[in-house]
A.B. asks: 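Have a look at the structure that comes next, please.
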Amino acid sequence: MKFFYLALLFCFSPILQVSATTPKSVTCTRTEYREEYIPGTKTSPGYVKSYEVDVVIPCAGQSQAGKIDNNDCSEGTFIGGLLGAGLALSSSRGKDRFWAVPAGGTAGALIGCQVDGG
């Protein structure tokens with residue numbers, strides 16, 4: 001009977017998802033014109049040296065790094081689901097366990113996700 005509850009617990013527990021993305025290496029640059037004065041002496045007069053420099057700037061299509069919300073609540077969901085199902089299993093009796101364990105696991109998963117930061 002314990003194996004049935006354990007199997008039931010894992011059927012209703014959330015599945016951890018692995019998300020893999022390819023790294024983006026897009027840099028936006030702007031060419032700036034610069035001048036530098038080279039001082040001279042009495043016999044060798046000074047001159048102005050001009051050159052161009054590529055400067056990295058934020059791309060217009062990308063959002064700022066501070067605005068990205070990458071909170072992942074999968075750990076909190078899993079632990080909350082286990083705790084909720086365990087609490088429901090220990091506090092219910094008889095036929096009530098068939099609905100109490102999944103309900104407790106679901107409620108624990110929702111609470112665990114909120115506690116984890118999702």
Side-chain angles (χ1 to χ4, degrees):
M1 194 65 177
K2 291 181 183 179
F3 293 112
F4 174 73
Y5 291 130
L6 187 61
L8 186 65
L9 174 70
F10 283 115
C11 288
F12 289 104
S13 66
I15 298 172
L16 298 177
Q17 296 179 358
V18 177
S19 60
T21 59
T22 57
K24 294 181 181 180
S25 62
V26 177
T27 57
C28 297
T29 59
R30 177 179 66 206
T31 303
E32 289 186 356
Y33 174 79
R34 298 207 177 155
E35 293 180 345
E36 181 180 355
Y37 175 70
I38 309 297
T41 61
K42 189 174 187 180
T43 58
S44 175
Y47 63 95
V48 175
K49 177 182 171 185
S50 63
Y51 56 94
E52 292 181 353
V53 177
D54 289 333
V55 178
V56 177
I57 59 171
C59 295
Q62 296 178 353
S63 63
Q64 299 294 331
K67 295 182 181 178
I68 296 174
D69 182 18
N70 56 357
N71 288 339
D72 182 23
C73 66
S74 58
E75 295 90 5
T77 302
F78 182 72
I79 293 171
L82 285 177
L83 291 174
L87 185 64
L89 182 66
S90 66
S91 64
S92 61
R93 295 182 184 165
K95 293 182 180 180
D96 290 339
R97 287 186 177 171
F98 291 112
W99 65 267
V101 172
T106 303
L110 292 173
I111 293 170
C113 181
Q114 294 300 318
V115 169
D116 193 24

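Everything numeric here is computed off the predicted structure, so don't read it as measured data.
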A.B. asks: Is it true that E36 and R34 make a salt bridge, defined as a side-chain N closer than 4.0 Å to a carboxylate O?
C.D. replies: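 Not counted as a salt bridge, because no side-chain N and carboxylate O are separated by less than 4.0 Å.
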
A.B. asks: Report, one line per pair, each donor and acceptor closer than 3.5 Å where one atom sits in a side chain of residues 87-94; sequence neighbours left out.
C.D. replies:
from: S90; atom 1: OG; to: G86; atom 2: O; distance (Å): 3.3
from: S90; atom 1: OG; to: L87; atom 2: O; distance (Å): 3.0
from: S91; atom 1: OG; to: L87; atom 2: O; distance (Å): 2.9
from: S92; atom 1: OG; to: A88; atom 2: O; distance (Å): 2.7

A.B. asks: Given a cutoff of under 4.5 Å between side-chain heavy atoms of I, L, V, M, F, W and Y, with clusters grown through shared members, what are the other residues clustered with L110?
C.D. replies: none

A.B. asks: Can you tell me how far the CD1 atom of I111 sits from the OG1 atom of T77, to the nearest 0.5 Å?
C.D. replies: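 Answer for the CD1-OG1 pair, I111 versus T77, is 11.5 Å.
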
A.B. asks: Please list every donor-acceptor pair under 3.5 Å in which a side-chain atom of residues 38-52 meets a protein atom from a residue at least two apart or in another chain.
C.D. replies:
from: T41; atom 1: OG1; to: T43; atom 2: OG1; distance (Å): 3.4
from: T41; atom 1: OG1; to: S44; atom 2: N; distance (Å): 3.2

A.B. asks: Is it true that the side chains of Y33 and E35 contain a donor and an acceptor less than 3.5 Å apart?
C.D. replies: yes

